[in-house]
Amino acid sequence: MRVVVQNDINRAYGNRAYGNRGTRRRRAGVRGALAALALAAVVSGCTQPGGADKAAPPAHGAQPLHAPPARALDSYASRLRAAHAARVAAAKRWGLAKVPLQAPPAPAHKPEITARKGFEVDDQEELNLPPVFTTIPTKQKIVFLTIDDGEEKDPAFLRMMSDLKIPYTAFLSNYLVKDDYGYFKKMQAEGHTLNNHTLTHPYLPGLSYAEQKREICGMQDVMKKQFGKAPTVFRPPYGNYNHDTLVAAKSCGIKYAPIWDEEVYVDHWEYREDDQELHPGDIVLTHFRGRADWKGTMVDDMRRFLGKATAEGYAVARLEDYL
């Protein structure tokens, strides 16, 4: 609009064809128009609270930007570069060959989780029992890291996962974590989810319904007392369960019972599927173990896990974002 007005004024002063008389008339017209605009501005100002000294409110529509867009974009790009540089430095510090890939944002619509075929129990759907599954339905190249029991409490593991920003889910058994709940509260403070893995890690199908319920609901009570909430996710020890297990779990507030598709150790991987490969959405199991049980530390275990996942183009996502 400003260009159009400026061109009209240029034509008013610059057109010589009208002669001096025409020019004087046009100049007088411009001066009159400007005077009228000035008078309107004064009148408008006088109608505002506080008189002409107070500026009129801006018109409806586009409002002034609080910060120049270019500056905001530059700041965002700078943060991305800084975050990537930190991940590169962390990967080098923890002895990784490649920088772990970042997971995509959590899905706006969570996938439907059902029991894996062949892993159902009687009345699975009729009773709406917690589904047992090994993979999250997704086409994205992501896997989920889950860690069981809680025996080893390696502070280096906490630092490594914090530095690398790797999400994981812990399934805790009380008899192994009760000597140091604080260690797992540090995990929780970092945004990692703590879930139910029974009080004493028994073979559940060998117990009565009442005994199974005591193991699962008892751990729910511990989780609520120690960590502020009872989880809705439960993993049966050894991945073994029966109808009573899932009925008891549901009665304790459990909605999901994930197990796993692969298991990683310090020195090897084990696979559920015959192709012995990772797949989009696979749940990976490992344990809180150290040199007393394995030929290495939890940090060594994570190097093996992250090395394979990254080399094959997989990022590690947060399981609860998909449940």
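Along the sequence shown, residues are numbered consecutively beginning with 1.
- Judged as a ring pair (Phe, Tyr, Trp, His ring centres under 6.0 Å), the pairs with a partner in residues 126-149 (not counting sequence neighbours) are, in order, Phe144-Tyr322.
- Hydrophobic clustering keeps Val222 apart from Ile254 (ILVMFWY residues linked when any side-chain heavy atoms are closer than 4.5 Å, directly or through intermediates).
- With sequence neighbours excluded, the residues that form a salt bridge (Lys or Arg N to Asp or Glu O under 4.0 Å) with Arg116 are Asp261, Glu273.
- In the displayed structure, Glu112 atom CD is contacted under 6.0 Å by at most 12 heavy atoms of other residues, nucleotides or ligands.
- Evaluation of the salt bridge (Lys or Arg N to Asp or Glu O under 4.0 Å) rule for Lys250 yields no partner, not counting sequence neighbours.
- Annotation: Lys308, atom NZ; neighbour count of heavy atoms from other residues, nucleotides and ligands within 6.0 Å is above 12.
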Legend entry - Worked verdict on Asn242 versus Gln212 for side chain to side chain donor-acceptor pair (under 3.5 Å): CA-CA 10 Å; Asn242 59 14; Gln212 293 196 52; 3.3 Å; yes
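- You'll find the side chain of Asp275 reaches within 4.5 Å of the side chain of His279, heavy atoms only.
- Taking the charged nitrogens against the carboxylate oxygens, Asp267 and Arg304 have no contact shorter than 4.0 Å, which rules out a salt bridge.
- Counting heavy atoms of neighbouring residues, nucleotides and ligands inside a 6.0 Å radius, atom NZ of Lys110 exceeds 12 of them.
- Between Leu145 and Phe305, some side-chain heavy-atom pair lies under the 4.5 Å cut-off.
- Hydrophobic cluster membership is shared by Leu127 and Leu246, with clusters built from Ile, Leu, Val, Met, Phe, Trp and Tyr side chains linked at under 4.5 angstrom.
- With ring centers used as reference points, Tyr265 lies 6.0 Å or more from His287.
- Residue pairs meeting the disulfide bond (SG atoms under 2.5 Å apart) criterion with at least one member in residues 114-189, sequence neighbours excluded, do not occur.
- Residue Met161 is grouped with residue Val299 when hydrophobic side chains (ILVMFWY) are merged at heavy-atom distances under 4.5 angstrom, including chains of intermediate members.
- Phe157 is not listed as a side-chain neighbour of Pro155, based on a closest heavy-atom distance of 4.5 Å or more.
- Distance OG1/Thr134 to CD1/Ile283: 6.5 Å, rounded to 0.5 Å.
- Listed by chain and residue number, His268 satisfy the side chain to side chain donor-acceptor pair (under 3.5 Å) test with Glu270 (two or more places apart in sequence, or in another chain).
- Here disulfide bond (SG atoms under 2.5 Å apart) pairs that include residues 203-256, with residues two or more places apart or in two chains, are Cys217-Cys252.
- The shortest side-chain heavy-atom distance between Val233 and Thr169 does not fall under the 4.5 Å cut-off.
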Show the atom names and distances, to 0.1 Å, of all donor-acceptor pairs under 3.5 Å that link a side chain in residues 189-196 to residues at least two apart or in another chain.
unit_1	atom_1	unit_2	atom_2	d
Glu190	OE1	Ser162	OG	3.3
Glu190	OE2	Ser162	OG	3.3
His192	ND1	Tyr168	N	3.4
Thr193	OG1	Arg318	NH2	3.1
Thr193	OG1	Glu320	OE1	3.3
Asn195	ND2	Glu320	OE2	3.2
Asn196	OD1	Thr198	N	2.8
Asn196	ND2	Ile216	O	3.0
Asn196	ND2	Gln220	OE1	3.0

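- Between the CG atom of Asn174 and the NE2 atom of His201 there is a distance of 13.0 Å, given to the nearest 0.5 Å.
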Legend entry - Verdict with supporting geometry, Thr297 and Arg291, side chain to side chain contact (heavy atoms under 4.5 Å, CB included): CA-CA 6 Å; Thr297 65; Arg291 293 190 181 279; 3.7 Å; yes
Inset, instruction - Take Arg235 and Thr146, measure what side chain to side chain donor-acceptor pair (under 3.5 Å) needs, and give me the verdict at the end. - result: CA-CA 10 Å; Arg235 172 172 284 165; Thr146 62; 2.9 Å; yes
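- In terms of heavy-atom proximity, Thr114 sits nearest to Pro131 at C-CB, 3.6 Å.
- Residue pairs meeting the disulfide bond (SG atoms under 2.5 Å apart) criterion with at least one partner in residues 87-197, sequence neighbours excluded, do not occur; the list is empty.
- By the rule that hydrophobic residues join a cluster once side-chain heavy atoms approach within less than 4.5 Å of another member, Ile147 and Met160 end up as members of one cluster.
- Atom CD of Glu277 sits about 10.0 Å away from atom CD of Glu262, to the nearest 0.5 Å.
- In terms of hydrophobic clustering, with Ile, Leu, Val, Met, Phe, Trp and Tyr side chains grouped at heavy-atom distances under 4.5 Å, Val284 and Leu96 are assigned to a common cluster.
- Within the structure, the ring pair (Phe, Tyr, Trp, His ring centres under 6.0 Å) test picks out no pair touching residues 86-129 (sequence neighbours left out).
- For the residue pair His197 and Ser173, the shortest heavy atom distance occurs at O-OG, 2.8 Å.
- Ion pairing between Arg289 and Asp301 fails under the 4.0 Å rule for side-chain N and carboxylate O.
- Considering every non-hydrogen atom in both Ile166 and Pro100, the closest pair reads CD1-CB, 3.9 Å.
- For residues 81-94, the salt bridge (Lys or Arg N to Asp or Glu O under 4.0 Å) pairs, not counting sequence neighbours, are Arg93-Asp163.
- Between Gln140 and Pro104, the closest side-chain pair of non-hydrogen atoms falls below 4.5 Å.
- In this structure, the ring pair (Phe, Tyr, Trp, His ring centres under 6.0 Å) partners of Phe288, at least two apart in sequence or on a different chain, are Phe184.
- Among residue pairs with one or both ends in residues 274-323, none qualify as disulfide bond (SG atoms under 2.5 Å apart); sequence neighbours excluded.
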